[in-house]
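Numbers restart at 1 for each chain; the letters A, B, ... are given by sequence-line order, proteins then strands.
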Number of protein chains: 2
Amino acid sequence: METITKTKLNSNAQAVLHIVLEAHNHPTALEIYEAVKTVRPNMGLASVYRILHSLAEQGYIREIGRDEEGNRYDGNTSRHDHAVCTNCGALLDVPVDVHVPADALEQAARAAGIELGSYEVRLYGLCPSCATRTE
Amino acid sequence: METITKTKLNSNAQAVLHIVLEAHNHPTALEIYEAVKTVRPNMGLASVYRILHSLAEQGYIREIGRDEEGNRYDGNTSRHDHAVCTNCGALLDVPVDVHVPADALEQAARAAGIELGSYEVRLYGLCPSCATRTE
DNA sequence: ATGGGTGCAAATCCTTTGCATCTGC
DNA sequence: GCAGATGCAAAGGATTTGCACCCAT
């Protein structure tokens, strides 16, 4: 049972949301903070963290795991897949849906003993720049 | 092009590897450190971190992402999938392979522009205990 | 003796929290 | 006036690093 309550956003939250929605990459909290500071120079880092959490909780954005740089956020909340560069760590969107047969998902969920909510495919490999640099 | 060079492991590294291989869950560095201390009481945390990195680099174990507790390690290096509890954050193995059609993978990799190495399906939902507690 | 591994402590980095203040309603 | 949001600084927690020391070769 999902309980998502979207509350009205104040102007600070809107500014943060804007940044995340515009970002094509998957920015970290620090990157979002830097970007937001150009618009609201006196916003503090702590507020950015608090706002990001509340935006994620309300379903406006999504947290998509951490890497060595920290937690990353995604403005695209619809189901989609990601590719991770095993060399530089870049996290890219997969622009097409990786179709996984529904019955395979259900069987796997049953086997793992979980009540399936959603899923994601992660591709690991070399991103364009790392592929050429390594070839 | 993968370059994995397995060097001979010294006894400390073997002790750490043993812990990770035996662990059925996906322990964090701290948990591994605690476990290793029962066998080698004077090993330091820094050494555990150094050893874990080198074991992962050499392909003995695998790093499988971070959560609020830190980086988690997996002794199972063969391709397999994971389930994440959206309530308590538990990270479980999926005991069956989620079969993703090879052509879907290739098409997705091409679309994302990466040279595909491997992949993983992540299931999100409620683990057994959270499901009953929430129902 | 020599290079690598080790323990310890200090340093880093991301994130959270306490608290006094400010804001909008 | 009050509840919630904010900035700042301090605290917290995971991970890394500097460094002197020790060990096996």
Taking only N/O atoms, report every protein-nucleotides 3-5 of chain C pair under 3.5 Å with atom names and distance.
{"unit_1": "C/dG5", "atom_1": "O3'", "unit_2": "B/N10", "atom_2": "ND2", "d": "3.1"}

Subject >> Close side-chain approach of B/L9 to B/I51, heavy-atom, < 4.5 Å >> reply: no
Original post:
For B/R66 and C/dT15, what is the distance between atoms CZ and C1' respectively, to the nearest whole Å?
Top reply: 14 Å
**OP:** Could you name each residue pair satisfying side chain to side chain donor-acceptor pair (under 3.5 Å) that touches residues 44-54 of chain A, not counting sequence neighbours?
**Re:** A/S54-A/Q58
**OP:** Whole angstrom is fine here: how far is it from CD in B/E68 over to C1' in D/dG13?
**Re:** 12 Å
**OP:** For each nucleotide in nucleotides 18-25 of chain C, reading 5' to 3', give B when a protein heavy atom comes within less than 4.0 Å of its base, S when such contact involves only the sugar-phosphate, and - otherwise.
**Re:** B-------
Which pairs would a plain distance check flag for residues 31-40 of chain A, meaning a side-chain donor or acceptor within less than 3.5 Å of a matching protein atom at least two apart in sequence or in another chain?
{"unit_1": "A/E31", "atom_1": "OE1", "unit_2": "A/T28", "atom_2": "N", "d": "2.8"}
{"unit_1": "A/T38", "atom_1": "OG1", "unit_2": "A/A35", "atom_2": "O", "d": "2.8"}
{"unit_1": "A/R40", "atom_1": "NH1", "unit_2": "A/N12", "atom_2": "OD1", "d": "3.1"}

Original post:
Should B/L30 and B/V16 be regarded as members of a common hydrophobic cluster, given that ILVMFWY residues are connected when their side-chain heavy atoms come within less than 4.5 Å of each other, either directly or indirectly?
Top reply: yes
Subject >> Partners passing side chain to side chain donor-acceptor pair (under 3.5 Å) against A/S78 (at least two apart in sequence or in another chain) >> reply: A/N76
Original post:
Does anything in residues 21-43 of chain A reach DNA chain D, meaning a heavy atom under 4.0 Å, and if so which residues?
Top reply: A/N42, A/M43
Original post:
Taking only N and O in the side chain of A/H53, is any of them less than 4.0 Å away from OP1 or OP2 of C/dT15?
Top reply: no
Original post:
Is there a side-chain contact between A/C127 and A/L92 (heavy atoms, below 4.5 Å)?
Top reply: yes
Please tabulate, for side-chain N and O atoms in residues 93-109 of chain B, each donor-acceptor pair with protein atoms closer than 3.5 Å (sequence neighbours left out).
{"unit_1": "B/D93", "atom_1": "OD1", "unit_2": "B/H26", "atom_2": "NE2", "d": "3.3"}
{"unit_1": "B/D93", "atom_1": "OD1", "unit_2": "B/H80", "atom_2": "NE2", "d": "3.1"}
{"unit_1": "B/D93", "atom_1": "OD1", "unit_2": "B/H82", "atom_2": "NE2", "d": "3.1"}
{"unit_1": "B/D97", "atom_1": "OD2", "unit_2": "B/R79", "atom_2": "NH2", "d": "3.3"}

**OP:** Walk me through it: do B/L52 and B/I61 pass the test side-chain contact (heavy atoms from CB on, under 4.5 Å)?
**Re:** CA-CA 8 Å; B/L52 285 172; B/I61 62 177; 3.7 Å; yes
Subject >> Distance (rounded to the nearest 0.5 Å) between A/R62 CZ and A/L55 CG >> reply: 14.0 Å
Original post:
Atom CD of B/E57 to atom P of D/dT16: distance rounded to whole Å?
Top reply: 12 Å
Original post:
Expressed in angstrom and rounded to an integer, what is the separation of B/L45 atom CG from D/dG13 atom C1'?
Top reply: 11 Å
Original post:
Rounding to a whole Å, what distance do you find between B/Y49:OH and D/dG13:C1'?
Top reply: 9 Å
Original post:
When the C1' atoms of the five terminal pairs at each end define the local axes, what inter-axis angle does the helix from C/dA1-D/dT25 to C/dC25-D/dG1 show, to 10 degrees?
Top reply: 20°
**OP:** Sorted by first residue and then second, give each ring-ring contact (aromatic ring centres under 6.0 Å, His included) pair with at least one member in residues 100-125 of chain B; sequence neighbours left out.
**Re:** none
**OP:** Would you list the pairs meeting salt bridge (charged side-chain N to carboxylate O under 4.0 Å, His left out) in which at least one residue belongs to residues 120-130 of chain B, sequence neighbours left out?
**Re:** B/E120-B/R122
**OP:** Begin from the C-alpha positions of A/C88 and A/S129 and carry the test side-chain contact (heavy atoms from CB on, under 4.5 Å) through to its verdict.
**Re:** CA-CA 9 Å; A/C88 70; A/S129 43; 5.5 Å; no
Original post:
Can you tell me how far P of D/dG12 sits from CD of B/E69, to the nearest Å?
Top reply: 18 Å
Just list the side-chain donor-acceptor pairs under 3.5 Å for residues 63-70 of chain A, sequence neighbours left out, or say none.
{"unit_1": "A/D67", "atom_1": "OD1", "unit_2": "A/E69", "atom_2": "N", "d": "2.8"}
{"unit_1": "A/D67", "atom_1": "OD1", "unit_2": "A/G70", "atom_2": "N", "d": "3.3"}
{"unit_1": "A/D67", "atom_1": "OD2", "unit_2": "A/R72", "atom_2": "NE", "d": "2.7"}

Original post:
What's the CG-P distance between A/N71 and D/dA14, to the nearest Å?
Top reply: 15 Å
**OP:** Would you kindly give the CD-to-C1' distance between B/E63 and D/dT15, to the nearest whole Å?
**Re:** 11 Å
Subject >> Those residues that, when tested against B/D74, pass salt bridge (Lys or Arg N to Asp or Glu O under 4.0 Å) (two or more places apart) >> reply: none
